[in-house]
Amino acid sequence: METVEVTVETRQVGNKRDAGRLRRSGTLPGVVYGRGTDGVAMQVNDRELRTRVGSLEGSHLVRFKSGADNLDGRLVLIKQVQYHPLTHAINHIDFYEVDVTRKITVMVGLHFVGRPEGVIQGGVLQPIVRELQVECLPLDIPAALEVDVSPLQIGHALKASDLTLPPNVTNDTPDLTLVSVLAPTVSTIEEEEAEGEEGAEPTDGDGEQTNE
């Protein structure tokens, strides 16, 4: 998978006031840690992070570019993002350093493609989940997984076991339902009938058309 490069620097751990000042300057406080290693306090430009990573879905590898030797070149995943409860601005971000030789568990976005036969017949496509948990090496993380819903009839569903996963990518929840096609609701049927009645020409009591 393609990696995204982000510039980061080390930071001095301070109090809440220091962290607030940092955020107001457009810089986000964060920490990077890894398997069996101590965390390193760091900071990243808010705008750069949003521009390069914010629009991406699922899990993506990020490579650090830094003047600090203990950060430069590290390959990481965004592990956790903390948001302000009122403004929803990012308060803090955690990165996790990965080992390219060890498998990891990540969430990958699902792309539902095609028009289900059941929808053509009046049913409603109902996605159950938007992401699927998979296990693979960091460099094998799929950008997304396509789910072809074209064959789905009304009342049918697709499970994780129905997907054809990329090589070296596995999923341990084969019975997880991903998407289904529901029968049309009563309200939908009533609306269709009402539209049909509105479009019909008036008739007399014997069912014959009137010419008013």
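No experiment lies behind these values; they were computed from the predicted model shown. Just so you know, residue 1 is the first one in the sequence shown, and it goes up from there.
Between Pro142 and Val169, the shortest heavy-atom distance links the atoms CG-CG2, 4.1 Å. Of all heavy-atom pairs spanning Asp172 and Gln133, the tightest one is OD1-NE2, 4.3 Å. Listed here is the closest heavy atom pair of Pro166 and Leu145: CD-CD2, 3.8 Å. When all heavy atoms of Glu5 and Glu48 are compared, the pair lying nearest together is O-OE2, 4.2 Å. Of all non-hydrogen atoms in Leu22 and Ser25, the two that sit nearest each other are O-OG, 2.6 Å. Between Val108 and Ala144, the closest heavy-atom pair is CG1-CA, 3.7 Å.
Although no hydrogens or angles enter the test, the distance criterion places a donor-acceptor pair under 3.5 Å between the side chain of Arg74 and the main chain of Asn70. Although no hydrogens or angles enter the test, the distance criterion places no donor-acceptor pair under 3.5 Å between the side chain of Ser180 and the main chain of Ala157. A donor-acceptor pair under 3.5 Å links the side-chain atoms of Asp162 to the main chain of Lys159, judged by distance alone. Arg11 contributes a side-chain N or O that, together with a main-chain N or O of Gly30, makes up a donor-acceptor pair within less than 3.5 Å. Checking side-chain atoms of Thr3 against main-chain N and O of Leu61 turns up no donor-acceptor pair under 3.5 Å.
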Side chain to side chain contact (heavy atoms under 4.5 Å, CB included) between Cys136 and Asn168, worked out: CA-CA 6 Å; Cys136 60; Asn168 306 317; 5.7 Å; no
Side chain to side chain contact (heavy atoms under 4.5 Å, CB included) between Asn171 and Leu176, worked out: CA-CA 10 Å; Asn171 166 260; Leu176 176 66; 5.8 Å; no
Stepwise side chain to side chain contact (heavy atoms under 4.5 Å, CB included) check, His84 with Arg23: CA-CA 11 Å; His84 189 282; Arg23 285 189 285 269; over 6 Å; no
Audit row: Thr173, Leu132, side chain to side chain contact (heavy atoms under 4.5 Å, CB included) steps and yes/no: CA-CA 9 Å; Thr173 56; Leu132 182 68; 4.2 Å; yes
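Contact annotation: the side chain of Val76 approaches that of Glu97 to within less than 4.5 Å [non-hydrogen atoms, C-beta and beyond]. With contacts defined as side-chain heavy-atom distances shorter than 4.5 Å, the pair Asp38/Tyr33 does not qualify. By the 4.5 Å heavy-atom criterion applied to side chains, Val8 and Val32 are not counted as neighbours. The closest side-chain heavy-atom distance from Phe64 to Asp72 is not below 4.5 Å. The shortest distance between side-chain heavy atoms of Leu137 and Val100 does not fall below 4.5 Å. Within the 4.5 Å cutoff, side-chain heavy atoms of Arg115 are placed close to those of Ile120. Counting heavy atoms from C-beta on, the side chains of Ile154 and Pro184 come closer than 4.5 Å. Residues Asp46 and Arg50 meet the side-chain proximity criterion, which asks for heavy atoms closer than 4.5 Å.
Here the CG-CG distance, from Leu28 to Asn91, works out to 8.5 Å after rounding to the nearest 0.5 Å. Between atom CD of residue Gln80 and atom CG of residue Asp94 there is a gap of 5.5 Å, rounded to the nearest 0.5 Å. To the nearest 0.5 Å, atom CG of residue Leu178 and atom CD1 of residue Ile128 are 9.0 Å apart. Rounded to the nearest 0.5 Å, atoms CG (Leu139) and OG1 (Thr101) are 10.0 Å apart. Ile104 contributes atom CD1, which lies 9.5 Å from atom CD of Glu135 (distance to the nearest 0.5 angstrom). One distance of note links NZ of Lys65 with CG of Leu71; it measures 14.0 Å at 0.5 Å rounding.
In the displayed structure, Gln121 atom CD is contacted under 6.0 Å by more than 12 heavy atoms of other residues, nucleotides or ligands.
Counted by atom type alone, Gln43 and Glu9 present zero donor-acceptor pairs between their side chains at under 3.5 Å.
Using a 4.5 Å cut-off between side-chain heavy atoms of Ile, Leu, Val, Met, Phe, Trp and Tyr, with links allowed through other members, Val53 and Met107 fall into different hydrophobic clusters.
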